[in-house]
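Take a look at the structure set out below.
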Amino acid sequence: MASNEKLAIFGGERVIAPNTFKTWPLVNEVDEQYVLASLRGTNHAFGPNCVAFEKEFAEWNGNQYAITTNSGTAALHMCVAACGCSDGDEIIVTAYSWSSSATCILHHNCIPVFVDINWETMNIDVDKIETAISEKTKAIIVVHLHGLAVDMGRVMAIAHKHNLMVIEDACQAHGAKFQGKKVGTLGHCAAFSFNQNKNLCSGEGGMFVTDDEELMKKARMLWSFGETRTPSEARDYHAYALGWMYRNNDLTAAFGRAQLTRLDLYLQWQRQNVRLLDKQLEGVPYLIRPTEPAHHEHNWYNYVLRFDLSALNQMHDASRFRDKIVRVLRAEGVEVVVWQRFILPQMTVFQAKNAYGHGAPWSSPHARPVDYALEQYPVAQRHCDTHICLVQSLRYPNGPETTELIAEAIWKVMVQVESLVDLALA
Ligand SMILES: *Cc1c(COP(=O)(O)O)cnc(C)c1O
């Protein structure tokens with residue numbers, strides 16, 4: 001491939017024309033039928049589509065119980081409550097994820113304890129979990145980030161040894177597997193998200209899943225005003241405990257059910273696109289491709305690349321240089337995005353140690369002081385500053401033709417990347 005093709009950002013021809021990629025998610029007559037049927041029904045709150053969605057998702061994932069929620073974050077909070085975590089208890093969580101993987105801990109007055117990530121997997125560094133356990137630790141939240149499962153064999157062994165509960169944040173990991181088993185069936189309970197960008201989209205929404213009847217009952221109490229009965233049973237409108245309003249509505253569930261009929265197709269399709277792209281990117285200079293370790297099946301929710309900015313001598317100003325490459329790639333028409341720009345402990349709510357005022361929940365008499373000094377998370381920081389990802393352009397119904405264009409554009413930019421080092425972009 002020619003190394004001197006003029007870059008689009010300097011007036012050269014862009015590799016990928018505008019509007020090349022199809023938008024996510026595909027919506028067709030099936031979605032229209034489901035949603036119209038719901039609209040023409042009579043129960044628009046927790047209605048028949050909610051009941052059916054719970055049943056169908058539980059079957060698809062292989063869980064005993066599922067509860068629809070209005071977000072993945074609501075389902076995460078239900079997990080924390082179901083696991084019996086109380087004021088001042090500590091919960092271990094990765095230092096790099098979506099904010100609510102950790103703020104769901106604050107929602108139950110518990111204290112997050114962050115653990116650095118493993119560079120290869122981008123997930124929590126399982127080797128560092130045990131040193132983070134204290135006499136206050138009640139649970140571990142594992143986040144199967146970008147669709148790669150955490151090594152659940154080792155996590156469950158640690159949890160068993162220390163008598164801890166394990167919550168799976170599977171919000172990005174629909175269909176991802178560890179040792180042949182789907183995520184959401186590996187810990188004590190789990191949360192999925194059906195937000196717009198997720199592999200199963202219902203606009204917004206989520207699902208709490210578990211195989212444990214006791215956990216299901218506790219989660220359900222939190223879910224609907226502290227009531228103990230399900231909406232389909234006779235209600236006595238009594239708050240038996242503190243509850244929230246995390247229920248989903250029938251229209252959203254109808255949309256989710258329609259998308260669920262195509263979820264396996266979506267996952268298979270993006271796996272094929274990623275296989276092709278990953279092969280074509282072999283040998284691209286300064287580019288680090290993601291790994292899929294043995295005994296894991298990635299769902300490729302996000303295809304995440306890192307730049308080797310040490311080799312380019314740019315680690316002193318890593319995120320700025322990464323952002324420069326992103327601009328050059330986007331000018332070629334590649335839909336690359338930077339995912340999270342901050343590691344979790346760096347976010348203000350944690351640095352300030354103040355969520356509800358008066359320093360709560362960190363100021364609780366039941367809490368032990370915790371340290372969020374940022375030097376403890378160098379790998380998460382390095383990943384944060386050097387990564388880019390490809391999301392919707394690798395999803396159904398985008399196929400091999402557009403995937404090959406992505407590879408071509410990345411090659412074009414990366415063979416010239418050294419020339420960007422001393423170059424200021426307007
Ligand atoms: C999207 C996401 C969530 C939150 O899901 P919502 O439905 O947006 O509340 C939590 N954790 C991770 C890892 C996510 O990607």
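Everything numeric in this text was worked out from a predicted model, so none of it was measured. Hydrogens, waters and symmetry mates are skipped; everything else that's a heavy atom, side chains included, is used. Atoms within a ligand are numbered from 1 in the order they appear, just like the ligands themselves.
Under the 6.0 Å distance and 45° angle rule, Lys198 does not count as a cation-pi partner of Phe192. For the pair Arg306 and Trp119, the cation-pi criterion (under 6.0 Å, within 45° of the ring axis) is fulfilled.
Residue Cys171 has at least one heavy-atom neighbour below 4.0 Å for each of these atoms of ligand 1: 2 (C), 3 (C), 10 (C), 11 (N), 12 (C), 14 (C). Those atoms of ligand 1 with a heavy atom of Ser100 less than 4.0 angstrom away are 3 (C), 4 (C), 10 (C). Numbered from 1 in the order shown, with element, the atoms of ligand 1 that lie under 4.0 Å from a heavy atom of Ser101 read 11 (N), 13 (C). With ligand atoms numbered from 1 in the order given, ligand 1 contributes 5 (O), 6 (P), 7 (O) to contacts under 4.0 Å with heavy atoms of Ser193. The distance from ligand 1 to the heavy atoms of Ser97 drops below 4.0 Å at these ligand atoms: 13 (C). Interface atoms of ligand 1 facing Gly72, defined by a heavy-atom separation under 4.0 Å, are 5 (O), 6 (P), 7 (O), 9 (O).
A perpendicular orientation is assigned to the rings of Tyr96 and Trp339, their planes being inclined by more than 60° (bins at 30° and 60°). By the 30° and 60° cut-offs, the orientation of the rings of Phe57 relative to Phe53 is perpendicular. Taking the six-membered ring where the residue is Trp, Phe350 and Trp362 present perpendicular rings, their angle passing 60° and hence far from 30°.
Among protein heavy atoms, atom 2 (C) of ligand 1 sits closest to Lys198 NZ, 2.7 Å. Looking at atom 9 (O) of ligand 1, its nearest protein heavy atom turns out to be Thr73 OG1, 2.5 Å.
Between the side chains of Glu130 and His162, a donor-acceptor pair is found at a separation under 3.5 Å. Side-chain contact, Gln259 with Asp31: a donor N or O sits under 3.5 Å from an acceptor N or O.
Both the backbone and the side chain of Ser71 come within 4.0 Å of ligand 1, counting heavy atoms alone. If you look at Val143 next to ligand 1, the close heavy atoms, those under 4.0 Å, all belong to the side chain. At a 4.0 Å heavy-atom cut-off, ligand 1 touches Asp169 through the side chain alone.
Between Trp244 and His77, the gap from one ring centroid to the other is short of 6.0 Å.
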